[in-house]
2 protein chains.
Amino acid sequence: MSPTKEDYLKILFELGGRTEQVPNKEIANRLSISPPTVTEMMNSLVKAGWVVYTPYKGSKLTQEGTDYAKKLIRKHRLWEVFLVKHLGFNINEVHPEAELLEHSTSAELADRLEAYLEFPEYCPHGGAISTDLMEEQEDMTVHLTEAVLGVPVRISRIVDEDRLLRYFENHDLKIGDRVTVTGRDSGLDLLTLNHGTTDKEIQISQTIAQYLFVEHI
Amino acid sequence: MSPTKEDYLKILFELGGRTEQVPNKEIANRLSISPPTVTEMMNSLVKAGWVVYTPYKGSKLTQEGTDYAKKLIRKHRLWEVFLVKHLGFNINEVHPEAELLEHSTSAELADRLEAYLEFPEYCPHGGAISTDLMEEQEDMTVHLTEAVLGVPVRISRIVDEDRLLRYFENHDLKIGDRVTVTGRDSGLDLLTLNHGTTDKEIQISQTIAQYLFVEHI
DNA sequence: GTTGATATTTAGGTTACCCTAATATATAAA
DNA sequence: TTTATATATTAGGGTAACCTAAATATCAAC
Ligand SMILES: [Mn+2]
Ligand SMILES: [Mn+2]
Ligand SMILES: [Mn+2]
Ligand SMILES: [Mn+2]
């Protein structure tokens with residue numbers, strides 16, 4: 001498996017490909033790649049047994065594809081923990097580093113690294129590390145867009161995609177922050193939040209709020 | 001730069017391409033790749049400014065090529081230290097892991113890793129980590145084949161190429177061991193050693209002994 | 001100085017991963 | 001139900017990194 005193919009599997013998992021069909025366009029967007037390239041790659045992933053592909057509909061991961069993706073995500077998150085905890089990297093810097101390291105990590109190395117880090121439960125962005133907890137978290141967490149108006153919640157996880165992390169940093173949002181959704185404007189695609197700690201008003205786009213997960217306090 | 005090209009530069013350095021012309025065949029052997037592929041790659045490395053290539057003669061690294069190779073080797077050796085010291089890997093297992101990790105390591109990551117490891121001087125195979133010390137070591141060390149008969153020496157460094165490491169392990173040789181060359185048979189390509197610690201007789205091929213460096217005690 | 005062994009290059013081909021332009025399909029609107 | 005729009009596929013092309021087979025260059029031995 002090449003780093004390229006591995007990244008396709010990972011993205012597929014992150015876009016819900018474990019349970020639903022993911023349209024090519026979403027993959028193309030996330031990887032900044034042209035749609036024909038995605039079509040081509042999906043056919044190749046089908047041939048290798050990682051994916052089930054329905055033309056014009058989208059792709060779903062097979063069981064093997066799901067397992068492979070979860071192993072990759074585990075490696076990615078383990079490296080992020082190492083980079084932050086031991087090497088003193090900033091939370092917003094580690095994702096691109098881990099994006100590379102994940103592909104150069106044997107199962108043996110991942111296991112030893114996990115033990116060395118004393119079996120952390122979450123990565124610095126709140127993502128679960130154990131492959132079982134990963135599915136659970138994926139099924140249980142609520143998107144910020146689905147939070148009830150006026151009810152305070154805690155940010156539990158940020159989808160760690162480079163552009164998103166910068167967006168959230170620019171809006172002063174962090175894992176663990178308490179926020180309350182105070183307004184929703186679907187026309188302007190806006191979500192208004194009250195930040196629990198600073199009591200400041202924050203406005204973010206609803207489209208992007210989909211990548212923020214929250215839990216009830 | 002692709003991992004592939006990076007490995008070519010590194011091999012070139014390891015084969016003495018900093019000071020001498022390295023023939024294509026040696027590169028082809030070390031990388032287990034066909035000679036035409038090497039020719040092709042050398043032309044590509046020339047175009048990128050890493051290498052000076054004389055057809056039918058061989059390749060030398062430019063200053064830029066040398067610097068790049070040394071940075072890569074530093075990353076490689078830092079990872080080996082980490083894998084052995086912190087993750088408990090065996091010395092003979094770490095080379096293939098580092099061979100991958102080196103290509104996924106930013107300058108920032110290498111610097112932080114080096115500080116975290118408390119600036120180690122040598123990798124587990126005795127290779128220098130600082131890029132200055134690296135050249136010095138390359139120029140100063142003596143090949144085991146050049147050691148004087150009957151004079152005890154200490155093994156200071158093993159060229160960490162996968163097949164070689166296994167050969168040396170099979171012959172019970174390790175960094176730090178004292179050995180005395182007791183015989184040399186050029187016809188049979190054999191070198192007879194007396195192992196200082198166990199007092200056992202060891203026979204290794206002269207060809208392979210070239211990859212063992214020793215220092216006087 | 002010719003010969004022969006070895007090393008190297010040239011020629012031609014493959015697969016992986018990317019692209020744009022043109023065409024076809026699906027779906028939402030009129 | 002036609003039409004418009006978004007999405008997806010097909011067609012055709014490019015570069016990187018590999019290969020084998022055949023041609024050519026180098027160099028040491030005779
Ligand atoms: Mn990440
Ligand atoms: Mn990646
Ligand atoms: Mn090594
Ligand atoms: Mn390598």
Side-chain angles (χ1 to χ4, degrees), chain A residues 1-12 15-17 20-61 65 68-69 72 99-100 102-104 186-187 189 207 210, chain B residues 1-12 15-17 20-61 65 68-69 72 99-100 102-104 186 189 207:
Chain A
M1 281 286 280
S2 67
T4 305
K5 281 210 169 68
E6 291 189 337
D7 278 337
Y8 275 91
L9 287 190
K10 243 186 40 178
I11 291 291
L12 223 31
L15 293 174
E20 273 144 62
Q21 283 186 327
V22 180
N24 284 1
K25 208 214 164 188
E26 285 190 37
I27 302 167
N29 283 346
R30 254 318 240 293
L31 289 175
S32 301
I33 243 167
S34 77
T37 303
V38 176
T39 307
E40 187 181 55
M41 182 59 76
M42 287 309 135
N43 285 315
S44 157
L45 291 174
V46 165
K47 212 186 313 178
W50 304 117
V51 156
V52 176
Y53 180 53
T54 316
Y56 293 102
K57 298 294 178 182
S59 316
K60 272 183 78 165
L61 290 165
Y68 200 113
L72 275 167
E99 200 55 58
L100 295 181
E102 63 190 2
H103 308 291
S104 310
S186 291
D189 190 42
T207 312
Q210 285 175 241
Chain B
M1 282 284 282
S2 65
T4 305
K5 281 211 170 65
E6 292 189 336
D7 278 336
Y8 275 92
L9 287 190
K10 243 186 37 176
I11 291 291
L12 223 32
L15 293 174
E20 274 144 62
Q21 283 186 330
V22 180
N24 284 359
K25 206 211 164 190
E26 285 189 38
I27 302 167
N29 283 345
R30 255 316 242 294
L31 289 174
S32 301
I33 244 170
S34 78
T37 304
V38 176
T39 306
E40 189 181 55
M41 182 58 78
M42 287 309 133
N43 285 314
S44 158
L45 291 174
V46 165
K47 213 187 310 179
W50 305 116
V51 155
V52 176
Y53 180 53
T54 316
Y56 294 102
K57 300 292 179 181
S59 316
K60 271 182 79 166
L61 290 165
Y68 199 114
L72 275 167
E99 199 57 57
L100 297 180
E102 62 190 3
H103 309 290
S104 311
S186 292
D189 190 43
T207 312

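Just so we're on the same page: letters track the sequence lines, and every chain starts at 1.
Distances shown here put a side-chain N or O of B:S34 below 4.0 Å from the OP1 or OP2 atom of D:dC19. Checking the phosphate oxygens (OP1, OP2) of C:dT9, a side-chain nitrogen or oxygen of B:T39 falls inside 4.0 Å.
Among the nucleotides C:dT8, D:dA8, D:dC18, the one closest to the side chain of A:P23 is D:dA8.
Side-chain atoms of A:M42 and A:L12, non-hydrogen and from C-beta on, do get closer than 4.5 Å to each other.
Scanning all heavy atoms of the two residues, the minimum distance from B:G65 to B:L9 falls at O-CD1, 4.4 Å. The heavy-atom pair separating A:S104 from B:S104 by the smallest distance is OG-OG, 2.9 Å. Of all non-hydrogen atoms in A:V22 and A:L15, the two that sit nearest each other are CG2-O, 3.6 Å. In terms of heavy atoms, A:Y56 sits closest to A:Y53 at N-OH, 4.4 Å.
Rounded to a whole Å, the CG atom of B:L31 is 12 Å from the C1' atom of D:dA17. Distance CD1 (B:I27) to P (D:dC18): 13 Å, rounded to an integer number of Å. The nearest whole Å value for the distance from the CG atom in A:N24 to the C1' atom in D:dT10 is 14 Å. The nearest whole Å value for the distance from the CE atom in A:M1 to the P atom in C:dT15 is 19 Å.
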Does the side-chain contact (heavy atoms from CB on, under 4.5 Å) test come out yes or no for B:L61 and B:V51, once each step is laid out? CA-CA 4 Å; B:L61 290 165; B:V51 155; 4.1 Å; yes
Restricting both atoms to N or O, compile the protein contacts to nucleotides 22-26 of chain D shorter than 3.5 Å, with distance only.
{"unit_1": "D:dA25", "atom_1": "O4'", "unit_2": "B:Y56", "atom_2": "OH", "d": "3.4"}

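Taking the nucleotide of DNA chain C with the nearest heavy atom to each of B:T37 and A:T37, the more 5' of the two is matched to B:T37. Annotation: of the two residues near DNA chain C, B:K25 and A:I33, the 5′-most nearest-nucleotide partner is B:K25.
To the nearest 0.5 angstrom, B:L31 atom CG is 5.5 Å from B:Y8 atom OH. Going from atom CD1 of A:I27 over to atom NZ of A:K25 covers 12.5 Å, rounded to the nearest 0.5 Å.
Annotation: side chain to side chain contact (heavy atoms under 4.5 Å, CB included) contacts of A:E99 (sequence neighbours excluded): A:D7, A:K10, A:H76, A:H95, A:E102, A:H103. Evaluation of the side-chain hydrogen bond (donor to acceptor under 3.5 Å, both in side chains) rule for A:K5 yields A:S44 as partners, not counting sequence neighbours.
Residues from residues 2-11 of chain B placing a heavy atom under 4.0 Å of any atom in DNA chain D, listed by number, are B:S2, B:T4, B:K5, B:Y8. For the segment residues 40-50 of chain B, no residue has any heavy atom less than 4.0 angstrom from an atom of DNA chain C.
Contacts classified as ring pair (Phe, Tyr, Trp, His ring centres under 6.0 Å) and involving residues 21-50 of chain B (residues at least two apart or in different chains) are given here: B:W50-B:Y68.
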